[in-house]
Amino acid sequence: TGAASRGEGVGNGAATAILFAREGAKVVLVNRKEDRARALEDTIRAEGGEACAFAADVTQQDQAEAMADFAVEKYGRLDILHNNVGIGRPGSAEKVTLADWNRVFQTNLTSALLSIQAAIPRMRASGGGSIINVSSIAGATGLMTPPDVPGAVGYTTTKAGLHGLTLSVAAEFAREGIRYDDLDEEEQDD
């Protein structure tokens, strides 16, 4: 999820999708903006990889389910879920608006839960799988910003919540061969 980059260059989601394809994975490129996912599909296919675009807003349960169904229909199974959707909004604990707080939670945390809920039955049917949640070190350390820079309390809180979600899913589904990884965004730059 969150496969295509929002701007110029290659973001976390696109880089991961390209690497998966280079390693032989058949990749479903899930993104709200279909044109961006199609451009990434073209890039992967130009390298000889297998990928297809799928437009979905995984903050919506029906669209997360449709994404998982599509992966199984297209490729016969769902082995890996890479939750990469994420946004930030300015605002300290004192000043963040409720609208921004809710939007960041829906995007960063609820989308991961809905995608996991959609993926687990399909992974179980295939005998297991791997769930990768892209988080941030900010979820463990928080962000301290100078007075003239807006805070990001919603972002850091959701990334901490993603750590907890990852550990809960791992503990609950390990016996079924569904494993996890909690990848910090900063680790991807190495």
Side-chain angles (χ1 to χ4, degrees), residues 1-7 9-23 25-44 49-75 77-89 102-124 126 129-136 139 154-155 158-166 168-170 173 178-185 187-188:
T1 64
S5 301
R6 281 187 256 171
V10 177
N12 292 338
T16 302
I18 290 167
L19 182 59
F20 277 146
R22 286 178 181 167
E23 293 295 320
K26 297 171 183 169
V27 184
V28 176
L29 306 166
V30 182
N31 204 73
R32 285 183 309 148
K33 304 286 185 181
E34 186 174 5
D35 60 324
R36 292 179 187 167
R38 293 241 179 257
L40 181 56
E41 177 184 341
D42 292 343
T43 299
I44 289 172
E50 174 66 32
C52 61
F54 186 79
D57 177 354
V58 292
T59 67
Q60 304 302 310
Q61 188 168 23
D62 62 331
Q63 293 184 45
E65 288 288 333
M67 164 201 66
D69 283 341
F70 178 81
V72 173
E73 290 166 13
K74 179 76 176 171
Y75 295 119
R77 59 188 295 136
L78 176 59
D79 295 308
I80 300 169
L81 170 64
H82 182 257
N83 280 317
N84 184 64
V85 174
I87 62 167
R89 290 288 183 265
N102 288 339
R103 170 130 187 207
V104 171
F105 263 77
Q106 187 74 16
T107 302
N108 295 4
L109 198 51
T110 303
S111 70
L113 175 66
L114 294 175
S115 296
I116 289 167
Q117 287 178 335
I120 284 176
R122 283 101 176 152
M123 289 180 175
R124 184 183 290 126
S126 298
S130 180
I131 298 170
I132 303 165
N133 294 320
V134 177
S135 186
S136 172
Y155 177 81
T158 58
K159 293 304 181 174
L162 197 54
H163 288 287
L165 176 62
T166 301
S168 294
V169 170
F173 296 98
I178 299 172
R179 52 191 185 83
Y180 81 100
D181 191 9
D182 191 8
L183 182 62
D184 286 336
E185 292 167 348
E187 291 175 12
Q188 292 187 352

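Computed from a predicted structure; not experimentally measured.
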| request: For the residue pair N133 and I116, establish whether any side-chain heavy-atom pair is separated by less than 4.5 Å. | output: yes

| message | Evaluate L162 against N108 for side-chain contact (heavy atoms from CB on, under 4.5 Å), listing each step before the verdict. | response | CA-CA 8 Å; L162 197 54; N108 295 4; over 6 Å; no

| Within-4.5 Å side-chain heavy-atom neighbours: F20 and H82 | yes

| said: Among V134, V30, I132, I131, exactly one meets side-chain contact (heavy atoms from CB on, under 4.5 Å) together with N83. Which residue is that? | reply: I131

| said: Nearest 0.5 angstrom please: S136 OG to N12 CG, how far? | reply: 10.0 Å

| task | Give a yes or no answer on whether the side chain of E34 reaches the backbone of A55 with a donor-acceptor pair at less than 3.5 Å. | result | no

| said: Are C52 and V28 packed together at the side-chain level, in the sense that at least one heavy-atom pair is separated by less than 4.5 angstrom? | reply: yes

| Nearest heavy atoms of A37 and A53, plus distance in Å | CB-CB, 3.6 Å

| request: Evaluate the criterion side-chain contact (heavy atoms from CB on, under 4.5 Å) for residue pair L78 and V72; output intermediate values, then yes/no. | output: CA-CA 6 Å; L78 176 59; V72 173; 4.2 Å; yes

| task | Evaluate the side-chain proximity of L81 to T1: yes if any heavy-atom separation is below 4.5 Å, no if none is. | result | yes

| field | V104 backbone acceptor or donor facing T107 side chain under 3.5 Å | value | no

| said: Are the side chains of F173 and M123 in contact, using a 4.5 Å heavy-atom criterion? | reply: no

| To the nearest 0.5 Å, what is the distance between NE2 (H163) and OG (S168)? | 13.0 Å

| remark: Here the pair of heavy atoms bringing A4 nearest to R36 is CB-CB, 3.4 Å

| field | T110 OG1 to Q60 CD distance, which is reported to the nearest 0.5 Å | value | 10.0 Å

| query | Counting distance only, does the side-chain N/O of D57 pair as donor-acceptor with the main-chain N or O of R32 below 3.5 Å? | reply | no

| task | Answer yes when E73 and R122 have at least one side-chain N-carboxylate O distance shorter than 4.0 Å, and no when they do not. | result | no

| message | To check you understand the geometry: which heavy-atom pair defines the closest contact between S126 and D79, and what is its length? | response | CB-OD1, 4.5 Å

| request: Determine the minimum heavy-atom distance between I44 and A51, stating which atoms define it. | output: CG2-CB, 3.7 Å

| said: Quick check against the 3.5 Å criterion: does S135 have a side-chain atom that pairs as donor or acceptor with the backbone of K159? | reply: yes

| message | Which heavy atom of S111 sits nearest to which heavy atom of T59, and what is that distance? | response | CB-CG2, 4.0 Å

| task | Any chance you could measure F54, atom CZ, to R38, atom CZ, to the nearest 0.5 Å? | result | 10.5 Å

| said: For A21 versus V27, what's the shortest heavy-atom pair and its separation? | reply: N-CG2, 3.9 Å

| message | Can you confirm whether K74 sits close enough to K26 that some side-chain heavy atom of one is under 4.5 Å from a side-chain heavy atom of the other? | response | no

